[in-house]
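A short worksheet on the structure shown next.
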Amino acid sequence: KQEVTQIPAALSVPEGENLVLNCSFTDSAIYNLQWFRQDPGKGLTSLLLIQSSQREQTSGRLNASLDKSSGRSTLYIAASQPGDSATYLCAVLSLWDGNNRLAFGKGNQVVVIP
Amino acid sequence: NAGVTQTPKFQVLKTGQSMTLQCAQDMNHEYMSWYRQDPGMGLRLIHYSVGAGITDQGEVPNGYNVSRSTTEDFPLRLLSAAPSQTSVYFCASWTGVTGELFFGEGSRLTVL
């Protein structure tokens, strides 16, 4: 069974610092990995999708890397802003018994201090 | 594109009442699933479907029923609501081609 871990559960950084969020998974045979953002009381917004054949994806200030052999993905947010305060979740899609299976981390709750 | 549409967004029930949370997607995705999200527990899978007519249980299926008569729709039924079912429910869909996951906006359910 795929287990996904996001540590730390919560972190605070001063505005302008770079954010580094980690997502670890136990089974390296993944199909893809997707990062989401969730604001309090809101739904999940997709940030980046990395296919298993890719090493990284970039969108604006966001960069996500994938290292299947070590079972890790890193979400990097450059020059953090108070608007980046949110919970960030990673989702790992694997193939199991011929079907897709999703596993989620519990999220990194981020506060960017002005 | 509408994506994944969930209704209602908010609902208050009394213990023992029944209701259905609706989920529809217009992307012709074969995979659909229902999750509940509770503080400190993360997203937990209730039921999922790999195509029309095929459903299976997730990790917390008790108290919930599903059916998938069409590719587009995947309703979640609460037959006799209990306070333990107070939660935020998310519907998700994806295709096995890209594996990109799409979520609905969520349904916040309170059972008194």
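We name chains A, B, ... by the order of the sequence lines, and we start the count at 1 in each one.
- Among the residues in residues 102-114 of chain A, those with a non-hydrogen atom closer than 4.5 angstrom to a non-hydrogen atom of chain B are A:Leu102, A:Phe104, A:Lys106.
- Between B:Tyr89 and B:Arg108, the side chains place no donor N or O within less than 3.5 Å of an acceptor N or O (distance only, hydrogens not considered).
- In this structure, the portions of B:Glu100 lying under 4.5 Å from any heavy atom of chain A include both its backbone and its side chain.
- If you measure heavy-atom distances from B:Tyr35 to chain A, the contacts under 4.5 Å come from the side chain alone.
- Per-residue counts of heavy-atom pairs under 4.5 Å with chain A were compared for B:Val88, B:Leu101, B:Leu43; the largest is that of B:Leu101.
- Your options are B:Gly42, B:Ser33, B:Gly96, B:Gly40, and the one with the most heavy-atom pairs under 4.5 Å with chain A is B:Gly96.
- Of the atoms belonging to B:Val50, it is side-chain heavy atoms, and not backbone ones, that fall under 4.5 Å from chain A.
- Only the side chain of A:Leu93 has a heavy atom closer than 4.5 Å to any heavy atom of chain B.
- Following chains of ILVMFWY side-chain contacts shorter than 4.5 Å, one can reach A:Leu66 starting from A:Tyr88, so the two form part of one hydrophobic cluster.
- Using the six-membered ring where Trp is involved, B:Tyr31 and B:Trp94 have ring planes that are parallel, under 30° apart on the 30 and 60° scheme.
- There is no side-chain donor-acceptor pair under 3.5 Å between A:Trp35 and A:Ser46.
- Between the side chains of A:Asn32 and A:Ser52, no donor-acceptor pair of N or O atoms lies under 3.5 Å.
- Contacts of B:Arg44 with chain A are absent, with no heavy-atom separation under 4.5 Å from either backbone or side chain.
- Neither the backbone nor the side chain of B:Glu30 comes within contact range of chain A; no heavy atom of the residue lies under 4.5 Å from a heavy atom of that chain.
- Residue contact with chain B, scored on non-hydrogen atoms closer than 4.5 Å, is absent for A:Gln6.
- Counting non-hydrogen atoms of neighbouring residues, nucleotides and ligands closer than 6.0 angstrom, the CD atom of A:Gln51 exceeds 12 such neighbours.
- Counting only N and O atoms by type, the side chains of A:Glu56 and A:Asn63 include a donor and acceptor under 3.5 Å apart.
- Ring centroids of B:His29 and B:Phe102 are separated by less than 6.0 Å, placing the two rings close together.
- Side-chain contact, A:Gln2 with A:Ser94: a donor N or O sits under 3.5 Å from an acceptor N or O.
- A:Leu62 and A:Leu49 are members of different hydrophobic clusters when ILVMFWY side chains are connected at heavy-atom separations under 4.5 Å.
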